[in-house]
Amino acid sequence: MTDISTRVPHVMSSPGRRRRNGGPRAGTVAAFLTPFFLPFLLFYVVPVGYALWQSFRVVRRTGGQYGTSYTAFGGLDQYAQVFQNTEFWASIGRIGLFGIVQVPVMLFVALVMALLLDTPLLRLKPFFRITAFMPYAVPGVIAAIMWSYLYSPQLSPVVDLLTSIGWQPDFLGPGAVLWSAANVSTWLWTGYNMLIMYAALQAIPQELYEAAKIDGASQWTIAWRIKVPIIAPSIVLTTVFSIIGTLQLYAEPAVLRQISSNISSTFTPNMLAYAVASGNNYQQAAAISVVIALITFVLSFGFMRLTSKRAGL
């Protein structure tokens, strides 16, 4: 009996010691997390940190304009130039107008499509779900090239059709080119946002619908009084994603710029940063990128704070 009693505490205490000392469990967790954290560190944290460091650097020269150049710490000089840059504020204004109009329209269409897919009256739901999601599978550059053919007066059958009935559309004109780019983004991302909302609708208990029908509620009432309030968190989530995507807009206007003189190299903030970097002014481009990131954070985080309590987040 003495032998057994002395061995039991030893056996019971061994796992505790292994957990406290790290042991094989900690090694297993580290092995599973490393494939994520290593690329995240190398391809996200390090580049962001390098861009932030570059944004505080300035290029100076010794011996006048044609002297030897070198980089030095410049404090907030690059940021001062960004805030004094009229092209930067013009691009922010364009992208702000783009987001104010395009994001609500896109999310409203996505919500209506999700509600239609969730109604028991609709047939062939898998077909319509895949069809609505298919544009998201097309890369943004390819989508912009496809739509550029439909916008081009020389190639577009749509322009030919509208011209034949007496309307002279100019999809690439100065007043319409922004909305032509917005149309491409809407076509690309509506199905993606619809699937997020549709997935949230699938999680609603069917008992709620049955109780509402017993009380005499119509499908319209069930949709707008029950479904929409319950999936409000998913609507907020898609709105945040859309705000971030709007400030990252690049591919659509960059492709349309090849066929329209009304899109400049500084049309959007991202295009401005790329144009500045193409001129070998990497420090200024880094400062522009940091400012864009800060604006994106403020707008998305601010929207979440304003809507979190109401949406139940």
Side-chain angles (χ1 to χ4, degrees), residues 36 39-40 43-44 94-95 97-119 122-152 156 158 171 177-204 223 227-228 230-259 263 267-271 274 292 296 299-300 303-304 307 311:
F36 167 76
F40 177 77
F43 300 109
Y44 186 83
R94 278 189 290 269
I95 211 67
L97 180 62
F98 179 99
I100 290 172
V101 175
Q102 189 265 345
V103 170
V105 170
M106 175 182 64
L107 294 182
F108 177 76
V109 174
L111 177 61
V112 171
M113 291 172 64
L115 291 172
L116 288 175
L117 281 176
D118 193 58
T119 180
L122 184 67
R123 305 299 179 189
L124 301 175
K125 289 184 181 182
F127 170 77
F128 288 110
R129 186 167 62 246
I130 294 174
T131 303
F133 185 73
M134 281 179 63
Y136 176 68
V138 179
V141 173
I142 303 301
I145 293 174
M146 291 167 49
W147 279 96
S148 66
Y149 284 109
L150 297 177
Y151 292 149
S152 175
S156 173
V158 176
F171 296 117
V177 70
L178 179 66
W179 309 119
S180 296
N183 178 64
V184 179
S185 296
T186 303
W187 182 80
L188 270 172
W189 292 97
T190 298
Y192 172 81
N193 293 308
M194 177 211 70
L195 278 186
I196 294 177
M197 298 178 190
Y198 180 69
L201 287 170
Q202 295 300 292
I204 299 176
K227 294 182 179 180
V228 173
I230 290 177
I231 67 168
S234 68
I235 297 175
V236 172
L237 180 65
T238 54
T239 304
V240 172
F241 287 165
S242 300
I243 292 172
I244 296 171
T246 297
L247 287 162
Q248 293 177 346
L249 185 68
Y250 179 84
E252 292 86 347
V255 172
L256 294 179
R257 183 171 179 259
Q258 308 304 315
I259 60 172
I263 297 180
F267 193 74
T268 67
N270 270 2
M271 291 179 69
Y274 179 79
I292 295 172
T296 303
L299 290 179
S300 56
F303 178 80
M304 287 195 67
T307 56

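Keep in mind that the numbers below use all heavy atoms, side chains included, and drop hydrogens, waters and symmetry copies. Values in this document were obtained by computation on a predicted structure and should not be read as measured data.
- Across Lys227 and Leu201, no two heavy atoms sit closer than the pair CB-CD2, 3.7 Å.
- Distance check: Met304 CE to Leu237 CG gives 7.5 Å after rounding to the nearest 0.5 Å.
- Evaluation of the side-chain contact (heavy atoms from CB on, under 4.5 Å) rule for Leu116 yields Val112 as partners, not counting sequence neighbours.
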- Query: Run the side-chain contact (heavy atoms from CB on, under 4.5 Å) check on Met197 and Leu107 step by step: do they pass?
  - Reply: CA-CA 10 Å; Met197 298 178 190; Leu107 294 182; 4.2 Å; yes

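- Counting only heavy atoms from C-beta outward, the side chains of Tyr274 and Thr268 never approach each other to under 4.5 Å.
- Scanning all heavy atoms of the two residues, the minimum distance from Ser180 to Phe171 falls at OG-O, 2.5 Å.
- With contacts defined as side-chain heavy-atom distances shorter than 4.5 Å, the pair Phe267/Leu249 does not qualify.
- One distance of note links CG of Leu111 with CG of Leu115; it measures 4.5 Å at 0.5 Å rounding.
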- Query: Between Tyr151 and Val184, does a side-chain contact (heavy atoms from CB on, under 4.5 Å) hold up when you go through it step by step?
  - Reply: CA-CA 11 Å; Tyr151 292 149; Val184 179; 3.9 Å; yes

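- Side chain of Ser234 to backbone of Ala200: no donor-acceptor contact under 3.5 angstrom is found.
- To the nearest 0.5 Å, atoms CD1 (Ile142) and CG (Leu188) are separated by 11.0 Å.
- You'll find the side chain of Phe241 stays beyond 4.5 Å of the side chain of Trp189, heavy atoms only.
- Atom CG of Leu256 is separated from atom CD1 of Ile145 by 10.0 Å, given to the nearest 0.5 angstrom.
- Within the structure, side-chain hydrogen bond (donor to acceptor under 3.5 Å, both in side chains) pairs that include any residue of residues 138-149 do not occur (at least two apart or interchain).
- Sparse packing is recorded around OH of Tyr44, with 12 or fewer heavy atoms of other residues, nucleotides or ligands lying under 6.0 Å away.
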- Item | Tyr192 and Thr238: CA distance, side-chain angles, deciding distance, side-chain contact (heavy atoms from CB on, under 4.5 Å) verdict | CA-CA 9 Å; Tyr192 172 81; Thr238 54; over 6 Å; no

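- Between the CG atom in Asn193 and the CE atom in Met106 there is a gap of 4.5 Å [rounded to 0.5 Å].
- Evaluation of the side-chain hydrogen bond (donor to acceptor under 3.5 Å, both in side chains) rule for Thr131 yields no partner, not counting sequence neighbours.
- Every pair tested for ring-ring contact (aromatic ring centres under 6.0 Å, His included) that includes a residue from residues 99-118 fails, sequence neighbours excluded, so the list is empty.
- Between Pro104 and Gly99, the shortest heavy-atom contact is CD-O, 3.4 Å.
- Contact detail for Ala144 and Glu252: the closest heavy-atom pair is CB-CA, 4.0 Å.
- Taking Leu195 as the reference, Arg129, Phe133 meet the side-chain contact (heavy atoms from CB on, under 4.5 Å) condition, with sequence neighbours excluded.
- Remark: Phe303 CZ to Ile243 CD1 distance equals 5.5 Å, nearest 0.5 Å.
- Annotation: side-chain contact (heavy atoms from CB on, under 4.5 Å) contacts of Ala251 (sequence neighbours excluded): Val141.
- Checked by atom type and distance alone, the side chain of Ser300 never pairs as donor or acceptor with a backbone atom of Ile244 at under 3.5 Å.
- A 4.5 Å side-chain heavy-atom check between Val109 and Thr186 finds every atom pair outside the cut-off.
- When all heavy atoms of Met113 and Ala132 are compared, the pair lying nearest together is CE-CB, 3.3 Å.
- Residues Ile95 and Pro269 share a closest heavy-atom pair of CB-CD, 4.1 Å.
- Two residues are said to be in side-chain contact when any heavy atoms from C-beta on lie closer than 4.5 Å; Val228 and Ile235 meet this criterion.
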